[in-house]
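I have placed the structure first, in the form of structure tokens, so that the comments after it can refer back to it.
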Amino acid sequence: MFGKRSPKPAQNLDLMQEIAPAPLKTAAARRFMEFCQQDLPTHHKADGFDPKVYMDAVKLVISRLEATRHME
């Protein structure tokens, strides 16, 4: 747990292909995706960073933001 380095992915992650194969419908989701695309490279090489956890978190937030479109 402590002191172990996380495995580094061999290629760069493309959030748009991984998370949102269909176009995002809400402006909030699009802005959040843009933020994540800029944010990911800053954390990508950090010790203990897990890209799967990051992707899961982004997917969760995007799904919630997209769901707000149907709540009105």
Side-chain angles (χ1 to χ4, degrees):
M1 185 162 166
F2 294 109
K4 292 183 181 179
R5 296 194 178 264
S6 66
K8 304 295 182 215
Q11 77 280 2
N12 288 335
L13 297 172
D14 184 7
L15 289 176
M16 284 303 285
Q17 287 182 348
E18 291 286 327
I19 293 173
L24 299 173
K25 294 172 181 64
T26 61
R30 287 189 297 270
R31 286 193 306 267
F32 182 72
M33 181 61 74
E34 288 173 10
F35 166 78
C36 291
Q37 286 178 319
Q38 294 172 358
D39 184 59
L40 179 62
T42 63
H43 301 293
H44 191 261
K45 295 181 181 176
D47 189 30
F49 178 77
D50 187 352
K52 290 182 182 180
V53 172
Y54 191 89
M55 291 291 194
D56 288 343
V58 172
K59 286 178 185 179
L60 176 64
V61 173
I62 292 291
S63 68
R64 296 295 297 249
L65 289 171
E66 291 286 89
T68 60
R69 179 173 183 252
H70 301 291
M71 291 174 57
E72 297 174 351

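- The aromatic rings of His43 and Phe49 sit parallel to each other, their planes meeting at less than 30°, with 60° as the upper class boundary.
- Judged purely by atom type and a 3.5 angstrom limit, Glu66 uses its side chain to pair as donor or acceptor with the backbone of Thr26.
- Rounded to the nearest 0.5 Å, atoms NZ (Lys52) and NZ (Lys59) are 10.5 Å apart.
- When all heavy atoms of Met33 and Leu24 are compared, the pair lying nearest together is CB-CD1, 3.8 Å.
- Atom CG of residue Leu60 and atom CD1 of residue Ile62 lie 10.0 Å apart, to the nearest 0.5 angstrom.
- The two residues Leu65 and Ala29 make their nearest non-hydrogen contact at CD1-CA, 3.8 Å.
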